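Just so it is clear, the structure is predicted and the values come from calculations on it, not from any experiment. All residue numbers refer to positions in the sequence shown, counting from 1.
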Amino acid sequence: MRADLLALSEAALVDLTNRGTVRRAQKETVEHTFTLRDDGTVIAEAADDVRCELLSRHPFEAWTCTCLAGHGCRHIVRAVLAYQAAHADGGLTAEGAPAVAPDPEPHPTGPFDPGTITDDALDAALNPAVRRASARLLAQGALGHVGLTNQLTVVRIHYPTPVTVRFLAGADLKYVRCTCRDPDPCAHVPLAVAIARGAMFGDTGLRAVDGDAWAPDTALLAEIRAALDELARVGVEASHRSMQGPWQRLRVRSEQAALPHVADLIGELLEEAARYTERATAFDPARLVALAGELLARVSSLGGTHPERIPDRLVAGALAQPTDVSRARLIGLGTEVLERGDQVLLRAHLVDARSGSPLRVTKRIDDEDRTLTSRLAGGLLAGIAFSQWGGGQVVVPAGKRFGSGDFTPGRGRVVHMPKADLASLSAPFLVGSVAELAAHHTRLPPALDDRAAGTDLAACRFTTVSWVGFDPGAQELVADLTDADGTRARLALPRTARVDVSATAELLTRWADEPPEQLVVAGRWRWSQHGATFLPLLLMGDELSLQPALAPPSEFTVGFEEAPDEPLTSPGALLRELDGVLGDTLVAGLERLRRDPRRWAEFAREAGAAGSVRIAGLARAVAEEPTPESVWPLVLLSVFGHPLA
């Protein structure tokens with residue numbers, strides 16, 4: 001009896017082949033005769049004269065079939081399914097005849113725990129060289145998440161290598177797969193097992209293994225905190241020119257000190273200040289608050305001493321070693337456009353269908369003419385148009401993944417399929433409602449989570465588009481969405497010189513009149529007074545899909561009617577108002593506020609009337625004594641409060 005064949009679930013077979021192969025195999029009900037060899041190999045002979053050998057001492061990829069399709073064909077999957085069905089009817093003798101066998105050990109309920117795999121089992125499955133390589137990795141300490149992807153237990157390793165290990169059949173190491181290019185089971189498997197045994201951080205799935213001797217540079221953190229204090233005192237309006245040099249040096253030093261998330265935040269803060277200098281319509285004071293607050297939160301956490309704080313490697317951003325990635329099927333979640341003066345960054349977001357790991361590919365374009373992104377996206381990357389990366393499925397033979405999540409395709413033919421198979425994804429990247437989105441994305445505060453892990457990226461199912469309009473102040477196309485639970489969310493797409501929103505407005509208006517049966521919005525999201533607010537990167541309705549940032553212009557015109565704001569009594573609306581006051585303060589500076597504190601005094605009265613004693617008290621303290629020490633608690637409340645709104 002081959003217990004390993006019985007343990008292969010539908011999800012495992014999909015991982016080993018693909019969903020289409022498994023579906024075809026399930027549709028073919030062909031009678032099989034089985035023979036069990038002494039070495040455990042099962043010979044499956046089908047009534048249509050197809051013969052498969054399900055080898056016991058070789059990996060699935062080596063199993064053979066007499067058809068011409070090669071390894072992993074539907075006949076092999078069909079034979080496994082038939083074997084499982086035959087066992088359910090009482091089992092087989094070695095000659096293939098039905099037999100009455102004792103009931104097997106019941107499968108454990110709940111997800112498989114890789115930490116239960118013994119060291120003896122690892123020694124038996126891995127050669128000594130692989131074990132030594134794994135020991136060298138583990139000596140550096142380790143950090144990762146243990147969870148479920150497509151009903152399979154996965155360990156996503158953040159440090160020391162950015163790979164994901166999948167356990168397809170419980171503790172059977174013949175069916176363990178890693179996203180690296182080394183033969184399975186590789187040196188990352190013992191690392192994943194050790195992480196599964198490591199110290200847990202609440203119910204987040206985050207596990208840590210001791211051994212990492214790295215510690216944050218406290219002197220550098222103190223300098224960053226002092227620079228933030230100076231920014232709050234003077235404001236971006238007065239300091240945007242003088243801050244470039246000192247902040248750039250802090251960014252470089254942060255990269256050198258193994259603080260990549262801190263370095264990225266400083267870079268984004270400088271970019272937002274540059275947008276203000278250029279008087280760009282893309283400048284957002286609320287984003288200035290969010291960036292300064294997240295930077296302050298990370299610096300404070302890294303400088304803390306509480307033993308149960310979020311691991312420093314996650315907060316700082318692990319400088320994980322780049323790894324070679326094996327063949328992968330990447331599902332596009334759309335493309336975003338980052339405009340930096342005359343340079344445009346097109347960034348396609350993708351998720352590995354098997355491992356659930358988020359990746360991104362980026363194309364940098366110098367564009368002085370403000371060319372529409374619908375034209376810029378026609379450039380090639382690895383032989384296919386860049387727009388096709390975020391708008392469908394891409395099968396890559398190999399590539400390199402970096403710790404930040406950036407992916408570079410390797411040599412070999414890249415295959416593109418135009419329809420994005422979002423059904424291959426699972427939470428947190430595909431959710432059925434806003435409530436499920438909140439449940440998966442608030443276990444760790446986004447302001448302290450891994451910035452490379454797509455914590456603000458998701459595809460959410462909705463049922464209707466109830467309203468479409470245009471906000472002339474923010475220069476945004478906006479729409480109200482409703483999920484199956486009746487929960488409302490907001491879509492907001494900024495219009496720029498390069499991004500035209502008319503085609504998106506036309507599609508949303510059509511959906512408002514005739515809702516599609518399947519409506520999915522993928523993109524970056526945040527909490528606001530409207531609940532979840534999405535920056536849409538991909539819209540899918542039935543057989544139609546659109547990447548809003550890359551859509552060519554249409555002749556459709558959307559009206560300027562605005563939806564009424566919610567009363568300030570809702571938590572989200574109060575936090576949104578707080579963001580506005582904080583944004584104006586970080587632009588003008590606290591020194592100017594000293595001369596006219598009326599805005600803060602008025603906001604304190606509004607917050608008190610709305611029922612928030614805490615926000616009212618903190619706002620009153622800023623009005624009475626405008627200092628960095630008085631304003632930072634409100635900035636942190638804004639950063640951490642939005643997910644709870």
Q: Do the non-hydrogen side-chain atoms of Phe462 and Val434 ever get within less than 4.5 Å of each other?
A: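 When only atoms from C-beta onward are counted, Val434 and Phe462 do touch, with a gap below 4.5 Å.
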
Q: Minimum heavy-atom separation for Leu350 to Arg360, with atom names?
A: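 Residues Leu350 and Arg360, closest heavy atoms: CD1-CA, 4.4 Å.
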
Q: Could you verify whether a donor N or O on one side chain and an acceptor N or O on the other, from Ser424 and Arg329, lie under 3.5 Å apart?
A: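 Judged by distance alone, the side chains do pair up.
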
Q: Given 3.5 Å as the limit, does a donor-acceptor pair link the side chain of Arg298 with the main chain of Asp449, or not?
A: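 Present.
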
Q: Do side-chain atoms of Glu294 reach the backbone of Ala290 as a donor and acceptor pair under 3.5 angstrom?
A: no

Q: Atom CD of Glu606 and atom CD of Glu577: how far apart are they, to the nearest 0.5 Å?
A: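 Interatomic distance, Glu606 CD to Glu577 CD, rounded to 0.5 Å: 5.5 Å.
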
Q: Between Arg498 and Asp367, does at least one N-O distance fall below 4.0 Å, as a salt bridge requires?
A: yes

Q: Return the set of residues passing side-chain contact (heavy atoms from CB on, under 4.5 Å) with Leu148 (not counting sequence neighbours), or none when no residue passes.
A: Pro111, Thr153

Q: Measure from the side-chain N and O atoms of Asp483 to the backbone N and O of Thr487, and report whether any donor-acceptor pair falls under 3.5 Å.
A: yes

Q: Can you see which heavy atom on Thr335 is nearest to which on Ala549, and at what distance?
A: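 Between these two residues, the closest heavy atoms are O-CB, 3.7 Å.
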
Q: Indicate yes or no: does Asp480 engage Arg490 in a salt bridge with an N to O separation below 4.0 Å.
A: yes

Q: Side chains of Asp369 and Thr371: donor-acceptor distance under 3.5 Å anywhere?
A: no

Q: Any side-chain donor paired with an acceptor under 3.5 Å for Trp632 and Ser300?
A: no

Q: So which heavy atom on Ala227 is nearest to which on Leu250, and how close?
A: CB-CD1, 3.8 Å

Q: Please answer whether the main-chain N or O of Glu517 pairs with a side-chain N or O of Asp542 as donor and acceptor at a distance below 3.5 Å.
A: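 Confirmed, Asp542 side chain pairs with Glu517 backbone.
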
Q: Would you say the side-chain atoms of Ser502 pair up with the backbone N or O of Ser554, donor to acceptor, closer than 3.5 Å?
A: yes

Q: With rounding to the nearest 0.5 angstrom, report the CG to CD1 distance, Leu259 to Ile224.
A: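 These two atoms lie 6.5 Å from each other.
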
Q: May I ask you to check whether Ser638 and Asp579 show a side-chain donor-acceptor distance below 3.5 Å?
A: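 Result is yes, a qualifying pair exists.
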
Q: May I ask you to say whether Glu272 pairs ionically with Arg287, meaning some side-chain N is under 4.0 Å from a carboxylate O?
A: yes

Q: Please give me the minimum heavy-atom distance between Ile266 and Trp247, naming the atom from each residue.
A: CG2-O, 3.4 Å

Q: If only side-chain N and O atoms count, and only distance matters, is there a donor-acceptor pair under 3.5 Å linking Thr496 with Glu339?
A: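 Yes - a donor-acceptor pair under 3.5 Å links their side chains.
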
Q: Should Asp229 and Arg225 count as an ion pair when the cut-off is N to O under 4.0 Å?
A: yes

Q: Salt-bridge test for Arg401 and Asp406: reply yes if a basic N is under 4.0 Å from a carboxylate O, no otherwise.
A: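 No, this pair does not count.
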
Q: For Ala353, is there any backbone N or O sitting under 3.5 Å from a side-chain donor or acceptor partner on Asn150?
A: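 Yes; at least one donor-acceptor contact below 3.5 Å.
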
Q: Does a salt bridge link Arg598 with Glu602, judged by any charged N lying under 4.0 Å from a carboxylate O?
A: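 The answer is no: the pair does not qualify as a salt bridge.
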
Q: Before accepting this row, confirm whether a basic side-chain N of the pair Arg370/Asp342 lies closer than 4.0 Å to the acidic partner's carboxylate O.
A: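 Yes.
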
Q: Could you go through the side-chain hydrogen bond (donor to acceptor under 3.5 Å, both in side chains) check for His349 and Glu336 one step at a time?
A: CA-CA 8 Å; His349 292 277; Glu336 70 175 325; 2.8 Å; yes

Q: Of all the heavy-atom pairs spanning Ala292 and Leu269, show the shortest one and how long it is.
A: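 It is N-CD1, 4.0 Å.
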
Q: Would you mind writing out the side-chain donor-acceptor pairs for residues 384-391 within the sub-3.5 Å range, not counting sequence neighbours?
A:
unit_1	atom_1	unit_2	atom_2	d
Gln388	OE1	Ala385	N	3.4
Trp389	NE1	Leu381	O	3.2

Q: Tell me, with the steps shown, if Ser357 and Thr164 meet side-chain hydrogen bond (donor to acceptor under 3.5 Å, both in side chains).
A: CA-CA 7 Å; Ser357 299; Thr164 299; 2.5 Å; yes

Q: Provide the closest heavy-atom pair for Met540 versus Trp511 in the form atom of the first, atom of the second, distance.
A: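 Closest pair (atom of Met540, atom of Trp511, distance): C-CH2, 3.8 Å.
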
Q: Could you walk me through whether Asp450 and His261 satisfy the side-chain hydrogen bond (donor to acceptor under 3.5 Å, both in side chains) test, starting with their C-alpha distance in whole Å, then the side-chain angles of each, then the deciding distance to 0.1 Å, before giving a yes or no?
A: CA-CA 8 Å; Asp450 185 3; His261 287 348; 3.0 Å; yes

Q: State plainly whether the residues Glu625 and Arg594 are in salt-bridge range, i.e. N to O under 4.0 Å.
A: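 Here Glu625 pairs with Arg594 in a salt bridge, since their nearest N and O are under 4.0 Å apart.
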
Q: Applying side-chain hydrogen bond (donor to acceptor under 3.5 Å, both in side chains), run through Arg347 and Thr362 and close with a yes or a no.
A: CA-CA 4 Å; Arg347 178 166 291 165; Thr362 302; 3.2 Å; yes

Q: Strictly below 4.0 Å, N to O, side chains only: are Glu624 and Arg620 in salt-bridge contact?
A: no

Q: What is the distance from atom CG of Asp500 to atom CG of Leu477, rounded to the nearest 0.5 Å?
A: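 Here the rounded value is 10.0 Å.
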
